[in-house]
Number of protein chains: 2
Amino acid sequence: MVKTENTEERILEAARAVFIRKGLTGARMQEIADEAGINKALLHYYFRTKEKLFDRIFFEVFQTISSGINQAFTENIPFFDKIKKFIDLYIGVLLENPYLPIFFLNEIQQNPERLQQFIEKDVFKSMSSFLIQLSDEINAGRIRPVHPVHFIINMIGMLVIPFAVKPLLAPIVSRQLGIDYNDLLRERKEVVFQFIINAIKPIEK
Amino acid sequence: MVKTENTEERILEAARAVFIRKGLTGARMQEIADEAGINKALLHYYFRTKEKLFDRIFFEVFQTISSGINQAFTENIPFFDKIKKFIDLYIGVLLENPYLPIFFLNEIQQNPERLQQFIEKDVFKSMSSFLIQLSDEINAGRIRPVHPVHFIINMIGMLVIPFAVKPLLAPIVSRQLGIDYNDLLRERKEVVFQFIINAIKPIEK
DNA sequence: AAAAAGTTTAACTAGATGGTTAAAATTATA
DNA sequence: TATAATTTTAACCATCTAGTTAAACTTTTT
């Protein structure tokens with residue numbers, strides 16, 4: 001066996017970068033080849049079709065997303081710590097992959113069928129354990145009653161959206177308020193946590 | 001002058017539907033013509049290029065979004081009422097245009113330059129008046145201190161994300177919890193409002 | 001009815017793009 | 001060094017798609 005892994009790895013990195021930037025329909029095989037430092041013939045030699053290559057990348061992206069969730073939710077730590085950990089971890093991932101959420105959300109809107117292979121799997125088993133823990137906290141009166149699904153949606157929304165609206169908001173807050181949007185993104189680790197705590201902490205101490 | 005308005009209107013409706021469903025690169029002029037019930041030659045007769053047609057649609061979409069914001073923020077009503085109004089109005093728009101946010105966010109990620117024409121304009125002047133009102137409330141001690149920009153981002157995130165992740169979550173909550181996702185979306189008018197109120201209401205009454 | 005505007009038909013161009021192929025060149029392996 | 005695996009070159013094919021064109025047809029206006 002020769003150094004095929006190296007080239008394949010470079011192709012995958014390039015494909016991931018280009019697909020996430022341009023989306024499935026926007027990406028060009030030639031551009032992926034260029035970014036990988038090879039030619040189109042070799043690219044097709046490794047991955048016969050654009051579809052096959054995209055499937056692979058989409059799978060990896062899905063793993064990036066779901067493993068982040070699982071990592072934070074699997075640990076056996078107090079509820080508020082888990083929230084904090086989840087937020088830190090997620091914003092960390094997003095800071096490194098700012099284009100990833102819109103790429104992912106756009107592709108599943110265009111082609112929801114692609115998700116079926118994942119929904120069957122146990123990718124979200126950790127999430128259901130989190131839902132149980134959340135219910136326990138509510139029953140014990142340690143947090144206010146909230147619908148667990150709504151709670152998760154709220155959290156994800158506050159984490160993801162600032163990255164998605166960056167092209168719109170960054171110039172505005174920069175011009176009108178003199179704020180650097182990247183600073184603002186980093187602040188959110190603390191801000192979102194505090195906002196959530198305030199929202200779910202019971203009124204009486 | 002003949003019944004040109006009628007046809008032009010049908011083209012715009014068709015283009016809006018197709019562009020929002022498929023995006024700029026995914027949309028086909030032939031598909032837009034079909035959806036408008038005309039042929040490709042006539043479509044090009046009204047709008048010379050795909051780009052021109054898209055620009056027009058993108059402008060309209062931007063107006064849909066920003067006019068919703070302005071409508072709620074311009075009224076002279078108490079702060080909490082304004083929040084509630086904003087939420088109701090926004091979820092209403094999203095229920096009627098569920099694909100719109102990802103379309104918009106994807107396009108501005110692909111092509112941020114397109115926004116420049118809008119950022120100059122006073123589309124967001126109502127938002128800055130809202131920011132001032134928010135600061136006043138904080139200074140008067142009627143709500144907890146929150147960074148206004150973070151607050152807006154939180155709100156937008158909680159409103160938009162549930163629509164964006166619908167293809168992923170709808171099958172999951174349907175299968176595992178027996179919940180109809182559309183019911184869940186409608187519930188959010190109340191849920192998000194309550195969550196926000198809880199988060200920003202001061203501790204002492 | 002005649003003129004003008006709107007619409008269709010149908011064929012066509014030009015360029016982009018995914019994918020293929022075969023031979024040559026390079027690199028690694030035995 | 002000989003063999004095998006990897007990579008490049010470069011031309012090529014087929015298809016898709018935006019956009020054009022000119023003539024015929026239909027509807028509206030005068």
Side-chain angles (χ1 to χ4, degrees), chain A residues 1-61 99 103 106-107 109-111 113-114, chain B residues 1-61 99 103 106-107 109-111 113-114:
Chain A
M1 180 183 324
V2 209
K3 63 154 188 170
T4 168
E5 272 181 1
N6 198 353
T7 301
E8 188 171 335
E9 200 48 51
R10 269 162 58 209
I11 291 178
L12 287 173
E13 272 173 43
R16 184 181 168 114
V18 174
F19 276 133
I20 288 179
R21 270 206 313 266
K22 302 287 182 70
L24 169 57
T25 58
R28 297 287 162 254
M29 291 299 270
Q30 185 60 60
E31 191 181 350
I32 293 173
D34 290 347
E35 183 127 347
I38 58 170
N39 52 35
K40 211 176 54 159
L42 191 58
L43 176 56
H44 277 97
Y45 173 79
Y46 274 88
F47 296 89
R48 208 148 39 236
T49 70
K50 191 184 184 185
E51 271 296 322
K52 281 187 199 303
L53 182 53
F54 182 81
D55 280 347
R56 175 72 174 270
I57 298 301
F58 188 78
F59 177 73
E60 288 186 9
V61 166
Y99 294 130
F103 161 78
N106 188 54
E107 296 304 335
Q109 176 164 303
Q110 296 301 322
N111 230 318
E113 319 85 62
R114 217 186 295 272
Chain B
M1 180 184 324
V2 212
K3 61 156 188 170
T4 168
E5 273 181 0
N6 198 354
T7 300
E8 188 171 337
E9 200 49 51
R10 269 163 56 209
I11 291 178
L12 287 172
E13 273 173 43
R16 185 182 168 112
V18 174
F19 275 134
I20 288 178
R21 270 207 311 269
K22 303 286 183 70
L24 169 57
T25 58
R28 296 286 164 255
M29 292 299 269
Q30 185 60 59
E31 190 180 352
I32 293 173
D34 290 346
E35 183 127 345
I38 59 169
N39 51 38
K40 211 176 56 161
L42 191 59
L43 175 58
H44 276 98
Y45 173 78
Y46 275 87
F47 296 89
R48 209 151 39 239
T49 69
K50 191 184 184 185
E51 269 297 321
K52 281 187 198 303
L53 182 52
F54 182 81
D55 281 347
R56 175 71 174 271
I57 298 301
F58 188 78
F59 178 73
E60 289 186 10
V61 165
Y99 294 129
F103 160 77
N106 188 55
E107 296 305 334
Q109 176 165 303
Q110 295 302 321
N111 230 318
E113 318 84 64
R114 216 185 296 273

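Residue numbers begin at 1 in each chain, while the letters A, B, ... track the order of the sequences.
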Original post:
A:Phe47 CZ to C:dG19 C1': how many Å, rounded?
Top reply: 16 Å
Original post:
What is the distance from CD1 of A:Ile11 to C1' of D:dT7, rounded to the nearest Å?
Top reply: 11 Å
Original post:
Counting only side-chain N and O atoms of A:Asn39, is one of them less than 4.0 Å from OP1 or OP2 of D:dT7?
Top reply: no
Subject >> salt bridge (charged side-chain N to carboxylate O under 4.0 Å, His left out) against B:Glu60, all qualifying residues, sequence neighbours excluded >> reply: B:Arg56
Original post:
What is the per-nucleotide protein-contact pattern of nucleotides 20-26 of chain D, from the 5' end, where B denotes a base atom under 4.0 Å from a protein heavy atom, S denotes such proximity for sugar-phosphate atoms only, and - denotes neither?
Top reply: BB-----
Subject >> Atom-pair distance (CG on B:Leu43; P on C:dT8), nearest Å >> reply: 11 Å
**OP:** For residues 15-35 of chain B, pull every pair meeting ring-ring contact (aromatic ring centres under 6.0 Å, His included), keeping only residues two or more places apart or in separate chains.
**Re:** B:Phe19-B:Phe54
Original post:
Between A:Thr7 and D:dT7, is there a side-chain N or O to OP1/OP2 distance below 4.0 Å?
Top reply: yes
**OP:** Measure the distance from OH on A:Tyr46 to C1' on C:dT20 and round it to the nearest whole Å.
**Re:** 18 Å
Original post:
With a cut-off of 6.0 Å (strictly less than), are more than 12 heavy atoms of other residues, nucleotides or ligands near CZ of B:Phe103?
Top reply: yes
Original post:
Under 4.0 Å between a side-chain N or O of B:Tyr45 and OP1 or OP2 of C:dT7?
Top reply: no
Subject >> Pairs where residues 32-50 of chain A contributes a residue and the test salt bridge (charged side-chain N to carboxylate O under 4.0 Å, His left out) is met, not counting sequence neighbours >> reply: A:Arg21-A:Glu35
Subject >> Residues which pass salt bridge (charged side-chain N to carboxylate O under 4.0 Å, His left out) with A:Glu51, listed by chain and number, not counting sequence neighbours >> reply: A:Arg114
Original post:
To the nearest angstrom, how far is B:Ile32 atom CD1 from D:dG19 atom P?
Top reply: 10 Å
**OP:** Identify whether any heavy atom of A:Ala33 sits under 4.0 Å from a base atom; if not, whether one sits that close to sugar-phosphate; answer base, sugar-phosphate or nothing.
**Re:** nothing
**OP:** Rounded to the nearest 0.5 Å, what's the gap from CZ on A:Phe59 to CG on A:Asp55? Could you check?
**Re:** 11.0 Å
Original post:
To the nearest Å, how far apart are A:Arg28 CZ and D:dC16 P?
Top reply: 15 Å
Original post:
What residues, two or more places apart in sequence or in another chain, satisfy salt bridge (charged side-chain N to carboxylate O under 4.0 Å, His left out) together with B:Arg28?
Top reply: none
Original post:
When you measure from the side chain of B:Leu42, which nucleotide among D:dA18, C:dT7, D:dT8 comes out closest?
Top reply: C:dT7
Original post:
More 5' along DNA chain C: A:Met29 or B:Gly37, using each one's nearest nucleotide?
Top reply: B:Gly37
Original post:
Atom CG of B:Asn6 and atom P of D:dT28: how far apart are they, to the nearest Å?
Top reply: 11 Å
Subject >> Euclidean distance, atom CD of residue B:Glu8 to atom P of C:dT7 [Å, nearest integer] >> reply: 11 Å
